[in-house]
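Here's the structure we're looking at; comments come further down.
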Amino acid sequence: MRSYLSRTTAIIGMGLLWLAALIEIYPIILVVFSAVKSKPELAVNPFGFPKEITFQFFATAYDTMHYFRSVSNTVLIACVSVVLSAAMTSMAAYAIVRRKNRFHSFLYMLFLAGMIIPFQMTMIPLYKMMVDLGLYNSYHGIMMIYLALTAPFSVFLLVGFIKSVPRELEEAALIDGCGIFQTFFRIVLPLLKPALTTLCVLNLFSVWNDFLMPVLFLPDDKKMTITVQISKFQGMYSNDWSLLFAGICMIVLPMVVIYLLAQRFIINGITAGAIKG
Amino acid sequence: MQTNLRQKWKINGIWLLFVLPALLFYLIFLLLPTLSATYYSLTDWDGVTSTFIGLDNFRAMFQDRLILASFRNTLQYTVSITIVQNGLGLLAALLLVRAFRGVNALRTMFFMPHIFSGLVMGYVWGFILEPNIGALNNVLEFLHLDALKMSWLGDPSVARWMIVFVSSWQNLGFSMVIYIAGLQGVPRDLYEYSDVEGASRWRKFASITFPLIAPSFTINMILCLIGNLKLFDQIYSLTGGGPGFATESIASTIYKVGFYNGIEWGYGSALSIVLFLCILLLSVTMVTLLRRREVEM
């Protein structure tokens with residue numbers, strides 16, 4: 001009797017768990033469903049399965065939101081800033097770990113302090129600075145901001161990781177006459193591969209999803225990123241949900257693919273950052 | 001001696017080259033603007049002219065009804081989202097830490113919303129919660145629960161709770177992942193001892209699990225509090241701060257004051273200083289409080 005009861009509760013519990021999981025991803029399913037429904041169908045049946053499938057809104061959304069151009073912009077900005085950031089911060093983190101003096105621990109604290117500075121605080125002075133320096137509305141301008149914004153977390157994550165890298169290999173290389181640079185690029189950097197992959201994926205997601213920076217510093221139609229494009233799009237066709245959903249679908253799906261491929265690295269990064277901190 | 005010293009400086013110089021690139025961008029594009037914001041907060045800068053007015057901005061702020069309302073809202077968002085997100089995230093982690101068929105799929109589903117931008121997910125929920133053609137009211141009608149139908153984003157207090165809900169929905173999986181990592185570090189044999197002692201399930205959670213996942217709890221609390229004090233994207237896309245100004249947060253007010261309703265850059269900077277001080281105060285208190293608890297355990 002008792003085991004029978006506990007089995008029933010287990011089954012009910014499992015059912016509830018799957019229901020909760022379904023609620024978690026329902027909005028994403030809804031995006032896909034709504035994008036392929038015809039307009040009259042969406043109006044009478046906004047939440048269920050589509051009865052007929054149409055792809056007309058994808059074609060329209062592709063053109064009206066200049067999909068190819070805005071995705072290329074986003075990819076360009078994201079890739080350059082993510083790769084450069086990884087290179088620069090791994091060098092800085094390496095120096096911080098291997099040079100254990102006061103200056104370098106001060107630098108570490110300085111970088112960490114950046115983690116609690118809200119972006120809203122830098123936003124207004126940064127806007128003026130970007131205009132004054134002629135960096136407003138330029139790709140390299142926004143990339144430089146991303147280099148700064150990603151630095152605190154990247155240094156934090158990499159310092160934690162480098163601490164666990166054994167020193168013996170480097171010492172052997174130094175004795176063999178390798179310079180510091182050579183040792184770093186030939187010996188240390190390859191060892192950091194897992195941490196760097198994680199870091200790049202995490203930063204890629206945050207740059208891809210970012211809205212505030214590109215809307216403020218890159219409003220030019222031709223240079224606009226994908227999130228700014230969708231917000232502009234929403235403003236222009238605020239009642240055309242079919243079109244908006246087709247657009248959102250095209251933004252969200254690449255992310256889902258990357259997420260499913262790189263899931264392990266994302267989870268590792270979050271837990272490594274959290275537990276070592 | 002001379003060459004030794006030169007050698008030493010050469011090595012110092014090489015090491016400096018390692019830090020310099022990252023440090024330069026960080027100093028110029030993050031620390032410098034932060035410091036200038038502190039100065040601008042003492043001026044009435046409107047983008048063109050600026051005079052030093054001391055603490056007038058801060059005085060004005062505490063008489064500005066809209067600003068005070070945004071403080072109140074930010075407090076509500078931060079506290080409620082932190083509680084809901086951590087409560088549900090911990091529950092999900094406790095259920096999904098064991099291995100059973102489908103556990104990976106479930107974890108993936110719970111984490112999924114976190115990877116999308118808050119802005120885009122705000123638009124999607126905006127459709128779900130739309131009163132006339134939205135999915136939620138439609139579902140309620142379908143279930144013959146018409147009495148529960150309402151204008152989810154039209155009523156100020158309901159709209160605020162919707163922001164809490166959407167934000168917790170989106171980031172619950174993130175907390176869950178951190179809790180799962182913590183739970184995996186709890187030694188199995190502790191539970192076996194307590195089984196021998198005949199401890200109840202709740203007792204085991206309260207005396208073994210929860211104390212031992214204290215580090216995950218600390219980091220989750222801090223990330224949650226800092227993140228939600230800065231809440232912006234969801235508000236921008238879900239309610240736009242409306243109806244009226246009823247759902248505005250400090251962060252969204254800074255954006256409005258600085259770039260949307262006019263160019264009150266001095267005032268906006270002052271507001272951002274208050275936001276920063278709140279974050280600073282909160283993170284220092286939380287770290288000291290929670291770390292002390294960790295040590296005692």
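These numbers come from a predicted model, not from an experiment. Lettering follows sequence order; numbering is per chain, from 1.
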Non-hydrogen atoms of chain A under 4.5 Å away: do they reach the side chain of B:Leu88, the backbone, both or neither?
-> neither
Check each atom of B:Leu172 against the heavy atoms of chain A and say whether the ones under 4.5 Å are side chain, backbone, both or neither.
-> side chain
Anything under 30° is parallel, anything over 60° is perpendicular, the rest tilted; go ahead and classify B:Phe18 against A:Tyr94.
-> tilted
Side chain, backbone, both or neither: which part of A:Leu260 has a non-hydrogen atom closer than 4.5 Å to chain B?
-> side chain
Closest non-hydrogen atom pair, B:Phe25 against A:Ala148 | O-CB, 3.3 Å
Looking at CZ of A:Phe103 and CG of B:Asn12, how far apart are the two atoms once the value is rounded to the nearest 0.5 Å?
-> 9.5 Å
Heavy-atom distance under 4.5 Å to chain A: side chain of B:Ile250, backbone, both or neither?
-> neither
At their closest point, which heavy atom of A:Pro27 faces which heavy atom of B:Trp169, and how far apart are they?
-> CG-CZ2, 3.5 Å
Judged by atom type as modelled, is there a donor-acceptor pair below 3.5 Å linking the side chain of A:Asn209 to the main-chain atoms of B:Gly118?
-> no
When every non-hydrogen atom of A:Met88 is compared with those of B:Ala22, the smallest separation belongs to O-CB, 3.9 Å
May I ask you to name which of A:Leu216, A:Ile145, A:Asp210, A:Val131 has the most heavy-atom pairs under 4.5 Å with chain B?
-> A:Leu216
Straight-line distance of A:Phe119 CZ to B:Leu275 CG, nearest 0.5 Å | 12.5 Å
Contact check, side chains of A:Ile180 and B:Trp15, non-hydrogen atoms, under 4.5 Å = yes
Portion of B:Leu27 that has a non-hydrogen atom of chain A nearer than 4.5 angstrom | side chain
Given B:Leu23, B:Thr38, B:Leu280, B:Leu95, the one with more heavy-atom pairs under 4.5 angstrom with chain A than any other is B:Leu23
Answer with yes or no after comparing the ring centroid distance for A:Tyr127 and B:Phe259 against a 6.0 Å cut-off, counting only values under it.
-> yes
B:Thr108, B:Ile254, B:Val120: which one forms the most heavy-atom pairs within less than 4.5 Å of chain A?
-> B:Thr108
Which portion of B:Leu32 sits near chain A, non-hydrogen atoms under 4.5 angstrom = side chain
Please name the pair of heavy atoms, one in A:Ile25 and one in B:Met109, separated by the smallest distance, quoted to 0.1 Å.
-> CG2-O, 3.4 Å
Go through the steps for A:Val31 and B:Phe116 under the test side-chain contact (heavy atoms from CB on, under 4.5 Å), then give the verdict.
-> CA-CA 13 Å; A:Val31 170; B:Phe116 305 119; over 6 Å; no
Please step through side-chain contact (heavy atoms from CB on, under 4.5 Å) for the pair A:Val256 and B:Met112, ending with a clear verdict.
-> CA-CA 8 Å; A:Val256 174; B:Met112 186 76 94; 4.1 Å; yes
When A:Arg99, A:Met144, A:Met14 are compared by non-hydrogen pairs under 4.5 Å with chain B, the top option = A:Arg99
With chain A, which of B:Ile115, B:Ile11, B:Leu35 has the greatest number of heavy-atom pairs at distances under 4.5 Å?
-> B:Ile115
CD1 on A:Ile267 to CD1 on B:Ile178, rounded to 0.5 Å = 10.0 Å
Look at atom CZ of A:Phe106 and say whether more than 12 heavy atoms of other residues, nucleotides or ligands are closer to it than 6.0 Å.
-> no
Heavy-atom pairs under 4.5 Å with chain B, option from A:Met130, A:Gln234, A:Arg98, A:Met255 with the top count = A:Gln234
Side-chain contact, heavy-atom cut-off 4.5 Å: B:Tyr26 with A:Leu110?
-> yes
Among A:Ile96, A:Leu212, A:Leu244, the residue with the most heavy-atom pairs under 4.5 Å to chain B is A:Leu212
Applying a strict 4.5 Å limit to non-hydrogen atoms, the region of A:Trp18 in contact with chain B is both
Hey, could you give me the CG/CZ distance between A:Leu149 and B:Phe29, rounded to the nearest 0.5 Å?
-> 10.5 Å
Using non-hydrogen atoms and a 4.5 Å limit, figure out which bit of A:Ala93 sits close to chain B: side chain, backbone, both or neither.
-> neither
Best-contacting candidate, B:Phe142, B:Trp125, B:Phe174, B:Tyr123, against chain A by heavy atom pairs under 4.5 angstrom = B:Tyr123
What one should report as the nearest heavy-atom pair of B:Ser269 and A:Ile124 is N-CD1, 3.9 Å
Smallest separation among heavy atoms of B:Ala251 and A:Gln120, with atom names | CB-NE2, 3.5 Å
Under 4.5 Å heavy-atom distance to chain A, tell me which part of B:Ile226 shows up: side chain, backbone, both or neither.
-> side chain
Give, as side chain, backbone, both or neither, the part of A:Ser231 having an atom under 4.5 angstrom from any heavy atom of chain B.
-> both
What part of B:Ile128 is in contact with chain A, defined as an atom under 4.5 angstrom from a non-hydrogen atom: side chain, backbone, both or neither?
-> side chain
Could you look at A:Phe245 and say if it's the side chain, the backbone, both or neither that has a heavy atom under 4.5 Å from chain B?
-> side chain
By a 4.5 Å heavy-atom criterion (distance strictly below it), what part of B:Thr34 contacts chain A: side chain, backbone, both, or neither?
-> both
Take A:His104 and B:Val19 through the side-chain contact (heavy atoms from CB on, under 4.5 Å) test and state the conclusion after the steps.
-> CA-CA 9 Å; A:His104 284 87; B:Val19 216; 4.0 Å; yes
Tell me, do B:Tyr40 and A:Lys128 make a side-chain contact under 4.5 Å, heavy atoms counted?
-> yes
Proximal component of A:Leu135, with respect to chain B [non-hydrogen, under 4.5 Å] | side chain
Aromatic ring pairing A:Phe211/B:Tyr236, orientation class (parallel under 30°, perpendicular over 60°, tilted between) | tilted
B:Leu119, part contacting chain A, at a heavy-atom distance under 4.5 Å | side chain
Per-residue contact mode, B:Leu96 against chain A (heavy atom under 4.5 angstrom) | side chain
Which answer fits A:Val228, side chain, backbone, both or neither, if we ask what part of it has an atom under 4.5 Å from a heavy atom of chain B?
-> neither
Among B:Ile222, B:Leu106, B:Ile279, B:Leu91, residue most engaged with chain A (heavy-atom pairs, under 4.5 Å) = B:Leu106
Given a strict heavy-atom distance threshold of 4.5 Å, which part of A:Ile117 is in contact with chain B: side chain, backbone, both, or neither?
-> both
Side chain / backbone / both / neither for B:Phe100 at chain A, heavy atoms under 4.5 Å = side chain
CG/A:Leu107 to CG/B:Leu20 distance, rounded to the nearest 0.5 angstrom?
-> 9.5 Å
With a 4.5 Å limit on heavy-atom distance, are the side chains of A:Ile248 and B:Phe127 in contact?
-> no
Step-by-step side-chain contact (heavy atoms from CB on, under 4.5 Å) determination, B:Met121 to A:Val252 = CA-CA 10 Å; B:Met121 287 301 117; A:Val252 160; 4.3 Å; yes
Rounded distance (nearest 0.5 Å) linking atom OG of B:Ser36 with atom CE of A:Met129 | 7.5 Å
